[in-house]
Amino acid sequence: MRRLNRQYDLDWIRVAATVAVFVFHCTMFANAFPWHVKNNELNSGWVFSLSLLLSTWLMPIFFAISGISVRYALERKTVRNYITERLTRLGIPLLLGIWILSPPQVYIERISYEQFNGSFLDFIPHYVDGLYLGIGGSGNFAFVGLHLWYLLVLLVFSILTLPLFRFIQHLTIKPVYYYFLPIPLVLLSTINIVDLGSWDIFFYVVIFIYGYYFFHGNVFQTMIQKTFWIHLLIGVSTSIIYTSWFIINIPEVGTTAFYLFKSIRGLSCWSSLITIFYLGHRYLRRSNHTLAYTSEAAMPVYILHQPVIVIIGFFIKDLSWSVEWKLTFLFATCFSLVLLLYHVLIRPFNVMRFLFGLKQKPSIHKGLPVKETSR
């Protein structure tokens, strides 16, 4: 098979998106949306607007990049090795999240919403009481790992779409196809069958398939170069319209205005993705030591960031600081702590690397000549 050249711009985008997720969950601490722990003062202005703007493209960009990554993986791995790697590098961190990282978050949510009274040790036996289905619900067992639902959905997508990918991988991509790609996304943006991260699961699967089949190669690069300014204009304008409309008044579900409102968000997501891919390809095509370090750190940072934010947020929520100062402190403290945990406790040790979905660190003795001993 022809080996695709590695696109360092995708690594940079993944790192930037991971930092954006960190920022997004910090804003959830102080915006008007329900979350595991809330500040004693909420902000319906810039914090709320930032949350809305990030949510239009944040998780879709992860699924798009994941689809591209699957194409790379299937270029160099057998199907058996591909499935084994997916089960290991996604499934193990997911189990870690379900059984180790989720219980403290659910506990903090329960005491924050006055649904439980007692210590964390008292709560542990109750963690398996009912399925956790949403903020403020009655079930405790976070079977999708809370924010790690992405790993579960990606694992399912990676396996279920495999026959389709094997079938379409050699089909010719014609430029005219790209003009029709936004249509399914705009239509799917109006439905809400299984809501995950503010988008429906079927929206994600289409983005994932687009990543595998469309978001690579010369045809795609030519398309985004020719249409960049159009997509930038559409992305900015639709994001402003969607955010403003959301803040002023969300249309009633089922009305024509509601479907227009949702369609504008879908179009905003599509144009934002194209804009991000263009800027990445234009300016971020080289690797360096920073990328090598942060690209590997992205997965552990994603896994650890929310539990740390929830825990630190719980201890500062009732302080008399301003919202701006709390969010600054929350981001700086949590980001530093997560990077420290990665650098000191995860990066050097193969057992921890395995638990957090990283490749094993090669032995320092690998490849060195063995000295002959005298007889």
Side-chain angles (χ1 to χ4, degrees), residues 4 7 9-18 20-21 24 52-74 86 90 144 147-165 167-169 171 173 177-217 219-221 223-224 227 231 234-235 238-239 242 262-281 298 302:
L4 297 173
Q7 295 178 244
D9 54 315
L10 299 180
D11 294 326
W12 283 113
I13 293 172
R14 184 187 292 109
V15 169
T18 302
V21 165
F24 175 77
L52 291 173
L53 290 172
L54 289 174
S55 69
T56 59
W57 58 267
L58 195 47
M59 293 314 299
I61 198 73
F62 276 108
F63 280 100
I65 294 176
S66 295
I68 300 172
S69 299
V70 168
R71 190 173 186 91
Y72 280 100
L74 291 177
R86 289 276 147 166
L90 297 176
V144 299
H147 68 296
L148 299 184
W149 63 264
Y150 165 68
L151 301 183
L152 175 61
V153 173
L154 180 57
L155 178 58
V156 173
F157 284 0
S158 298
I159 295 176
L160 292 185
T161 57
L162 188 55
L164 172 65
F165 289 165
F167 173 74
I168 68 175
Q169 63 181 336
L171 297 180
I173 302 176
Y177 293 166
Y178 289 96
Y179 295 103
F180 297 96
L181 294 183
I183 297 176
L185 295 179
V186 170
L187 294 176
L188 287 171
S189 66
T190 64
I191 68 174
N192 188 20
I193 299 174
V194 180
D195 188 350
L196 294 170
S198 77
W199 292 100
D200 188 75
I201 192 170
F202 291 101
F203 187 93
Y204 288 131
V205 75
V206 171
I207 289 286
F208 182 68
I209 294 171
Y210 280 6
Y212 177 88
Y213 188 64
F214 292 104
F215 293 165
H216 67 89
V219 176
F220 178 64
Q221 297 303 332
M223 187 278 290
I224 64 176
T227 61
H231 281 102
I234 294 175
T238 52
S239 295
Y242 165 74
K262 288 289 190 175
S263 297
I264 288 174
R265 186 177 189 234
L267 189 58
S268 172
C269 175
W270 169 256
S271 293
S272 297
L273 293 184
I274 298 302
T275 301
I276 291 169
F277 280 130
Y278 170 81
L279 293 174
H281 185 75
Y302 182 87

Minimum heavy-atom separation for [X] and [Y], please, with both atom names.
X	Y	answer
Gly266	Val186	C-CG2, 4.4 Å
Trp199	Pro60	NE1-CG, 3.6 Å
Pro163	Leu160	CD-O, 3.4 Å

Does [X] reach the main-chain N or O of [Y] with its side chain, forming a donor-acceptor pair under 3.5 Å?
X	Y	value
Thr275	Ser271	yes
Tyr302	His147	yes
His231	Thr227	yes

Subject >> Centroid-centroid under 6.0 Å between Tyr177 and Tyr210 rings >> reply: no
Subject >> Aromatic centroids of Phe220 and Phe214 separated by under 6.0 Å >> reply: no
**OP:** Answer yes if the side chains of Gln7 and Tyr72 hold a donor-acceptor pair under 3.5 Å, and no otherwise.
**Re:** yes
How long is the gap from [atom1] on [X] to [atom2] on [Y], to the nearest 0.5 Å?
X	Y	atom1	atom2	result
Ser189	Phe202	OG	CZ	15.0 Å
Ser198	Leu58	OG	CG	9.0 Å
Ile61	Ile276	CD1	CD1	4.5 Å
Thr56	Leu53	OG1	CG	6.0 Å
His216	Ile68	NE2	CD1	8.0 Å
Ile274	Ile234	CD1	CD1	10.5 Å

Original post:
Should Ser239 and Trp57 be marked as a side chain to side chain contact (heavy atoms under 4.5 Å, CB included) after you check the CA-CA gap, both sets of side-chain angles, and the distance that decides it?
Top reply: CA-CA 10 Å; Ser239 295; Trp57 58 267; over 6 Å; no
**OP:** Before giving the answer on side-chain hydrogen bond (donor to acceptor under 3.5 Å, both in side chains), spell out for Tyr213 and Gln169 the whole-Å C-alpha distance, their side-chain angles and the decisive distance to 0.1 Å.
**Re:** CA-CA 7 Å; Tyr213 188 64; Gln169 63 181 336; over 6 Å; no
Note, [X] side chain near [Y] side chain (heavy atom, < 4.5 Å):
X	Y	result
Arg14	Ser69	yes
Asp9	Phe277	no
Met59	Ile207	no
Ile173	Tyr178	yes

Original post:
So among Ile191, Ile193, Leu188, which one has a side-chain contact (heavy atoms from CB on, under 4.5 Å) with Phe203?
Top reply: Leu188
For residues 148-158, which side-chain donor-acceptor pairs fall under 3.5 Å, sequence neighbours excluded?
from   : atom 1 : to     : atom 2 : distance (Å)
Tyr150 : OH     : Ser66  : OG     : 2.6
Ser158 : OG     : Arg86  : NH1    : 3.1
Ser158 : OG     : Leu154 : O      : 2.7

Original post:
What do the steps show when you test Ile168 against Tyr212 for side chain to side chain contact (heavy atoms under 4.5 Å, CB included), and what is the final call?
Top reply: CA-CA 10 Å; Ile168 68 175; Tyr212 177 88; 4.1 Å; yes
**OP:** Evaluate the criterion side chain to side chain contact (heavy atoms under 4.5 Å, CB included) for residue pair Ser263 and Thr190; output intermediate values, then yes/no.
**Re:** CA-CA 6 Å; Ser263 297; Thr190 64; 3.6 Å; yes
**OP:** Output, in order, the C-alpha distance, side-chain angles, deciding distance and verdict of side chain to side chain contact (heavy atoms under 4.5 Å, CB included) for Asp200 and Asp195.
**Re:** CA-CA 5 Å; Asp200 188 75; Asp195 188 350; 5.8 Å; no
Original post:
Which word best sums up how the rings of Phe165 and Phe208 line up, parallel for under 30°, tilted for 30 to 60°, or perpendicular for over 60°?
Top reply: tilted
Original post:
Can the positive tip of Arg265 be found less than 6.0 Å from the middle of the six-membered ring of Trp270, inside 45° of the ring normal?
Top reply: no
